[in-house]
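Heads up: the structure comes next, in structure tokens.
FYI, side chains are in, hydrogens and waters are out, and symmetry mates aren't considered; it's all heavy atoms of this structure. Letters A, B, ... mirror the listed sequences (proteins, then strands); counts begin at 1.
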Amino acid sequence: MPVKDYIRKRFFPHIWCPGCGHGIVLGGMLGAIEELGLKKKDVVMVSGIGCSSRIVGYVDFHTLHTLHGRALAFATGVKFSRPELNVIVPMGDGDATAIGGNHFIHACRRNINMTAIVMNNRIYGMTGGQFSPLSGPGIYATTAPYSSIDYDFDIVELARGSGATFVARTTVYHVNEVKDYIKKAIQHKGFSVVEILSQCPTYFGRKNKLKDVNEMLEYFKNNTTPVGSQAKKDNPNLIERGIFVQIQKEEYCDKYLNVIEAASKEVKG
Amino acid sequence: MPVKDYIRKRFFPHIWCPGCGHGIVLGGMLGAIEELGLKKKDVVMVSGIGCSSRIVGYVDFHTLHTLHGRALAFATGVKFSRPELNVIVPMGDGDATAIGGNHFIHACRRNINMTAIVMNNRIYGMTGGQFSPLSGPGIYATTAPYSSIDYDFDIVELARGSGATFVARTTVYHVNEVKDYIKKAIQHKGFSVVEILSQCPTYFGRKNKLKDVNEMLEYFKNNTTPVGSQAKKDNPNLIERGIFVQIQKEEYCDKYLNVIEAASKEVKG
Amino acid sequence: MKEKIKFVQGNEACVEGALYAGCNFFAGYPITPSTEIAELLAARLPQSGGKFIQMEDEIASMCAIIGASLTGSKTMTATSGPGFSLKQEAIGYAIMAEIPCVIANVQRGGPSTGTPTHVSQGDVMQARWGTHGDHAIVAMTASNIQDVFEITIEAFNIAETFRTPVILLFDEVVGHMREKLVIPEKEKLQVIERLRTSVPPGTDYHPYFPRKDGRLPMSDFGGEHRYNVTGLFHDMWGFPTDKPEIVHNLMRHLVDKIENDPKHICKTKQYFLEDAKTVLVSYGASARTALEIVNYSRMRDRKVGLLELQTIWPFPKEIVSKICNQAERVIVVEMNMGQVLELVRANVKNPEKVYLCNRYDGNLVNIDDVKNVLRVVEGRGI
Amino acid sequence: MKEKIKFVQGNEACVEGALYAGCNFFAGYPITPSTEIAELLAARLPQSGGKFIQMEDEIASMCAIIGASLTGSKTMTATSGPGFSLKQEAIGYAIMAEIPCVIANVQRGGPSTGTPTHVSQGDVMQARWGTHGDHAIVAMTASNIQDVFEITIEAFNIAETFRTPVILLFDEVVGHMREKLVIPEKEKLQVIERLRTSVPPGTDYHPYFPRKDGRLPMSDFGGEHRYNVTGLFHDMWGFPTDKPEIVHNLMRHLVDKIENDPKHICKTKQYFLEDAKTVLVSYGASARTALEIVNYSRMRDRKVGLLELQTIWPFPKEIVSKICNQAERVIVVEMNMGQVLELVRANVKNPEKVYLCNRYDGNLVNIDDVKNVLRVVEGRGI
Amino acid sequence: MAKKVKEIIVNKEWCKGCGICVHFCPKKVLKLDKSNKAAVTDLDSCIGCKLCELRCPDFAIEVKFLDNEQS
Amino acid sequence: MAKKVKEIIVNKEWCKGCGICVHFCPKKVLKLDKSNKAAVTDLDSCIGCKLCELRCPDFAIEVKFLDNEQS
Amino acid sequence: MDSYKIVFSGSGGQGVITAAIVLAEAAVVYDKLHAVQAQSYGPEARGGATRSDVIISDEKINYPKVSSPNLLVCLTQEAYNKFSNIVMPGGMIITDPKYVVISKSDATQLELPMYDTVVEKVGNPICFNTCMLGVVVKISNMVKVESIIKVFESRMPQKFVEINIKALKVGMELVSK
Amino acid sequence: MDSYKIVFSGSGGQGVITAAIVLAEAAVVYDKLHAVQAQSYGPEARGGATRSDVIISDEKINYPKVSSPNLLVCLTQEAYNKFSNIVMPGGMIITDPKYVVISKSDATQLELPMYDTVVEKVGNPICFNTCMLGVVVKISNMVKVESIIKVFESRMPQKFVEINIKALKVGMELVSK
Ligand SMILES: Cc1ncc(C[n+]2csc(CCOP(=O)(O)OP(=O)(O)O)c2C)c(N)n1
Ligand SMILES: Cc1ncc(C[n+]2csc(CCOP(=O)(O)OP(=O)(O)O)c2C)c(N)n1
Ligand code: SF4
Ligand code: SF4
Ligand code: SF4
Ligand code: SF4
Ligand code: SF4
Ligand code: SF4
Ligand SMILES: [Mg+2]
Ligand SMILES: [Mg+2]
């Protein structure tokens, strides 16, 4: 089914600003779902609060727009209750790693079969441009008028350190990778994380004196490189793209079947 | 000053059960403080809620017994407000990594000069023996009557993945290492984490059919090995002890001095 | 399943009630004195294919049961004071998105960490007002083990009927004391199942358009109907809007469905009220002390009666004012600084005739406490 | 510093007030419509050596300001609805441990995510009862930019005087509208500094033993006196206890210090009340609409007056009952479903003469809203 | 990708004029018109890479092929 | 560590009889007495390693040296 | 004098809110008038359609919102469609034909090519909002031009002040024509 | 019949709570009596000093706590010191001299070497609490021994049932002596 059949057309043009990267993520995500041939009724999309989280309003699945930072906790309830559903959780960088950091690391730890997509624009877009745990030092933001001193998380490392079994990263510039990694993430049996560098021209761009959205996409093009590439060795400042973690580990809902079995025996026995 | 001069003797014997490892951590921690020659008035100890958190009641410093999981957030306020104080934060495994997981990773990220001591008995002692994010699969607990299916965090990896600049691990059996690592952690300029495997004979021990506290300490002795040792290569199941991360990175309060400087210029200029 | 007689804690009776009502999903985080609910469900739920999950904190637990409820599960969480405070934001979400679920709060002494192992009834007002913004809520309680069982079933029934979170406001004494419990055979007690939409697939389904009787049939996530659920004000399809009329009407709907017809929700127990000159109003564990005194007084021919509240919210105004206005004096017996007292006073003609007998030191209101107040207000000296 | 005239938002006036009062530590997490408070303090605090930190969430922010306060800083955080719900547990901690701090809640439409950019006054009751267990709280509000400035200073003063968290319950309209602000020169307005202990080093200091005047002198963490601070019930040294007498007395102390002598805390503004037959009771942005109507009515020789509440908690019972009992009718003008209405009703002789003019659709109560209610209750038809 | 492009459809209602499609079109096929919407200048140069469509944040541009295999 | 041990003091009020000191004393110097408190059986064998003191969770045992250098 | 009410409307990046604030600030700080400025937001705080209300008066202003403005500025079609009917009888609507196609209205409608003119005369489109402010200052006639300039001086670096004064004057002249 | 009130006290690991529950459960489930059991906790839920109250009656029991018990069992000195004075006039205190040194009291005091006897006769100290329960069953005389045994059977694996019955009887015999 064409990608556009997955969207709720009546809400278009969407709420996002001109040039906002979140729309590109939406496209890539739907491309992945389309290629996987998922039925609309089998997909539940769960989000928190933020510009990025508004994404669920635009897709014609079961959609759950929850609380800031809590999407993965809601999603855990959905998935653990109905493991046969495909649960996809698009999140903002603030949503995923600031207020939602704890749910993020615990989802990584538990290895429930869901896909978290971190739409990382390195800023709180929805609330008007405060720095996020992914902004990094030196970035200007409304709450960092003298530039930020906060170190940033590396989501890949955070997810890895928390035990995630699939972790990938790319940028909206690399839109085919977006589709590809999300597809692989959904196919992965276990918890998967895809970080997608995205742009907020309205706040991140303006505050940091970036000329326009194209300058932001050029940045993604010029400052990233496939993981393990020679380029990275030559220039350690490059950000790596690719699949960083991909391991098989028994999935949580599957493991719970063992609990049910043990418990049922106890009752009978 | 002798270690015992750092304790509030009037509350002894303490509240912990016979054989509880938390008392050994207390001893090691005070040993470290004593060797560093810290003045009582220069130390603030902040804890959350749990058996482990009761530790602050026994030490003659400025002591702040806060909310379950929130110790590092309170401590951040203390330290950022008065960077000249030594802030030490003993935490339970639940306290640090369950409800407190978000504050833990953000403390690692910010690199504020404080020391977190995770007293890891792999169980919620205070509430009577539920499994924790550090229990690991196969462990019995009151909320895991058929044994736990939850994967555990590796605190060292979690801290590393969150950006911590000093991370060490040992066990209460290795009591001299406890002292030594805590000492180094306090000396480290930046956020430091010391995980100390500790025992809860009352709940973890009983639920998991361990004969007595000595069997638990024997476990620490026999199933751990110094980081990078040959033993680990021969037996990958061994838990490594040692200092895993030790890097220099500008400290948060120090960096804030730059903000103050920039801001003051703006006012004058 | 045949009738069963057990000797159990209040917390266990709550578990039995939940299972009887069809609860098949629990997410929680341990906290004294509610932990036994989680522990028992960890053992019991998987025995019949239900799901138990220990989450990273109370917030996550609350969110998880909302998510699970949307897929069609009957869900519950349990907590106490500090955890109840943490859940408030997500409780508000369940109110706004109209998701059935049950939250047990086994009350302990507060504020803050307070006295974790001691009893209190200090969260009465928080149950009503703990989350931000206008809203309505259902909160119920019980004073003995059998009632805990039945009220828990009732909580699930109300949650399903009104698509609302329901709070079980137990207390440490009732949660931890053991007493006889008779579990009736299946179907003896009414269990209300979720009302699911009959709108056929492919037809426009309105998850947020109440039927004539005020109920909103649900469609499980994963089913044929796809719609949106949000904590923002929303239209009948569940999509965000800030149109003033829609906001206004949704607010009215959320409150009216609970408060307009409280008869269906409000439960009380009445002892010796027909001729009572002194009415004790009480609930939860304190009602046990109150009842003891009623019996004691009646043996001495004193016309004392007890109105035991089982529904705290919506506050049973009509019953309270009817009964209290008939009495010469009213004594509210509770374990806080007078939270229900104020509610009773606000609903009677002579508030100055409403007295308080309370305790907020971590202990159950005792017999002498009530005797003394009774003696004083009846003018028999202390 | 000389007097300054500025044209600012309510949120900026709050910042100016905080700085005037000596606030030197802010921890927060952005949320509409309070974010400007954080943004402005991020720029302003370091200019004078103060500290601004953006925390990972609202819970951490609340905890951080408590920790910082203990070291001697004057601390503040700011939030709105959902964030205010999240802070409730830690607010209870500040109450229990008696830590001075200020929490601004710039109210938006709720429950849940609600209408983030629209106005509401729906958190009045939550401010009082949002955290678990019995307790008392101070909450203040203001209807114009100058008052926001002054009330913010007052909030810091009360926090220091009573060792208590103080809540600033602003609303989106006042937070975002711009108006003239006159910042008086330093020392023109009273700023109360923390009372620090005079007990010499080496002597037994009791952080939780009130002086005769009820105040508890503090000793900064890092200072000569070492003691314990906890959210458990505690003795006069701050060490945990569950002894019933101590628990009881601490509860009484926590409540009595705020509620026993509300004169020191309760502030109102009164307009044309001497001969008012119709009294409007209002606060925050709604009081602006009410005042407009008072002026309008007076021009038509109708005896309408306004009682504007600046302190919401402790509720100014005495003033409200005195003024309302004199009136023929009372209209509460507010932006919720009647939260202050119920408080007024509970404190007057004839509750049936207290009417409500409200709006809970995200918009400011407008002039016609009040005119219409006024016309109806004055019997002039609609 | 050697397929022949039939047309490039811009949904002017949805296009927000961000210019991403224009800037990154490898063949400079597109421009922003004076009402700031994407427009085709040189369909013939189009190689049908579809990057404009994929990168458009607004689902506002669609590349149609002659053989109709790809929509 | 070659210092001479003068005495090993057990604070019986604080000792909870966990047995850790007994079990892990390299020289089996200690035992639990019949009221379940640590007690010294063989002071002479003690090598003054202080592990009993350091591992005691209850601060209940103290190893004193003759030369008083270490308390 | 009664109060004068203005509604500025447009979209996120057009600077309508700044213009509104500058006007009201000039009135309050330099002309010793009373003024309030209020605004409406989209979801949370991000961009999108914007509206800012200003009331200027020589008396204290209580109710801060404008229901029927004396003067309405619409810089997008969306804004025009939404608000053009709220203008008070006898009031005026200002639009720029580059952005808005007007329709029938009871109000006086003034179509001014502010964008093109400012680009032409000042050479910088970011002063568009200042040009619009010039129009409003001229038409409303409540606030002194010098006061507006003082606000510029207190708020921006010198190099911007000049170009903005230029744009302001361009706007004022547009009206005169 | 009036109600009979018992307070069991001791420390965490001694199983006093289990004993109390077994007694009350036997009364309720098998002897059709009314009973409530309540207990007090240390901080949160962890070990430490323990107290469990049991009331057995043939009428409905309302107030569930015991202020003056007919029978008090103290298995630690701490418990004895704390509670020995609450026994009702004419009531009885049971202690084990292994753990408790008794002092003067108005109550009848029964010192029984329960621990040593159970170790000697059953060979397993973990049945100590059952032995104590035997003592209580005998003295209180409210509940049938068979009912207690039925509770054992419903709660424990068969192999434990026997040894516990043995311990129960040892306790009962201790009283007879
Ligand atoms: C509990 C709570 N705190 C704060 C907010 C305010 N808030 C809404 S979205 C957001 C951050 C948005 O940033 P991000 O997650 O990065 O998403 P983006 O808008 O950048 O896509 C914040 C702080 C909220 N809605 N709820
Ligand atoms: C908000 C909140 N949730 C839950 C609790 C209950 N609680 C107290 S301590 C604790 C866990 C203790 O485990 P851990 O942190 O590992 O410390 P330990 O007791 O094992 O030393 C829990 C769940 C609480 N006090 N507050
Ligand atoms: S504010 Fe930023 S993140 Fe939000 S829609 Fe606009 S560009 Fe996107
Ligand atoms: S319960 Fe466990 S952790 Fe707590 S004091 Fe006892 S042994 Fe230690
Ligand atoms: S990328 Fe899309 S929205 Fe942007 S200019 Fe091109 S068609 Fe328009
Ligand atoms: S398909 Fe490729 S070449 Fe053709 S217009 Fe789009 S981006 Fe340019
Ligand atoms: S280790 Fe300490 S508490 Fe344990 S037996 Fe030895 S002296 Fe006693
Ligand atoms: S000092 Fe060493 S050798 Fe001596 S008793 Fe202690 S553990 Fe044993
Ligand atoms: Mg973002
Ligand atoms: Mg633990």
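- Heavy atoms from other residues, nucleotides or ligands lying under 6.0 Å from CD of A:Q230 number more than 12.
- Here the shortest heavy-atom pairing between A:P18 and E:C18 reads C-CB, 3.9 Å.
- Residues E:K16 and A:P13 share a closest heavy-atom pair of CE-CB, 4.3 Å.
- Neither the backbone nor the side chain of A:E215 comes within contact range of chain E; no heavy atom of the residue lies under 4.5 Å from a heavy atom of that chain.
- For a residue to count as touching a neighbouring chain, one of its non-hydrogen atoms must lie under 4.5 Å from one of that chain's; by this rule A:K4 touches chain E with the side chain only.
- Summarising the geometry, atom CD belonging to A:E218 is positioned 4.0 Å from atom CZ belonging to E:F24; distances are rounded to the nearest 0.5 Å.
- With a threshold of 4.5 angstrom between heavy atoms, A:D212 does not approach chain E through any atom at all.
- Under a 3.5 Å cut-off, the side chain of E:R55 and the backbone N or O of A:I24 do not form any donor-acceptor pair.
- Checking side-chain atoms of E:H23 against main-chain N and O of A:V213 turns up no donor-acceptor pair under 3.5 Å.
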Exercise. Step by step, would you call E:E53 with A:V3 a side chain to side chain contact (heavy atoms under 4.5 Å, CB included)?
Worked result: CA-CA 11 Å; E:E53 180 176 332; A:V3 161; over 6 Å; no
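- Nearest heavy atoms, E:P57 versus A:C20: CB-O, 3.2 Å.
- For the pair A:N214 and E:I20, the tightest heavy-atom approach, listed with the atom from each and the gap, is OD1-CA, 3.4 Å.
- By the 6.0 Å contact criterion, NZ on E:K27 is open, its count of non-hydrogen atoms from other residues, nucleotides or ligands being 12 or less.
- Here the straight-line distance linking atom NZ of A:K9 with atom CZ of E:F59 works out to 10.5 Å at 0.5 Å rounding.
- If you measure heavy-atom distances from A:Y58 to chain E, you find no contacts under 4.5 Å at all.
- In terms of heavy-atom proximity, A:V175 sits nearest to E:L54 at CG2-O, 3.4 Å.
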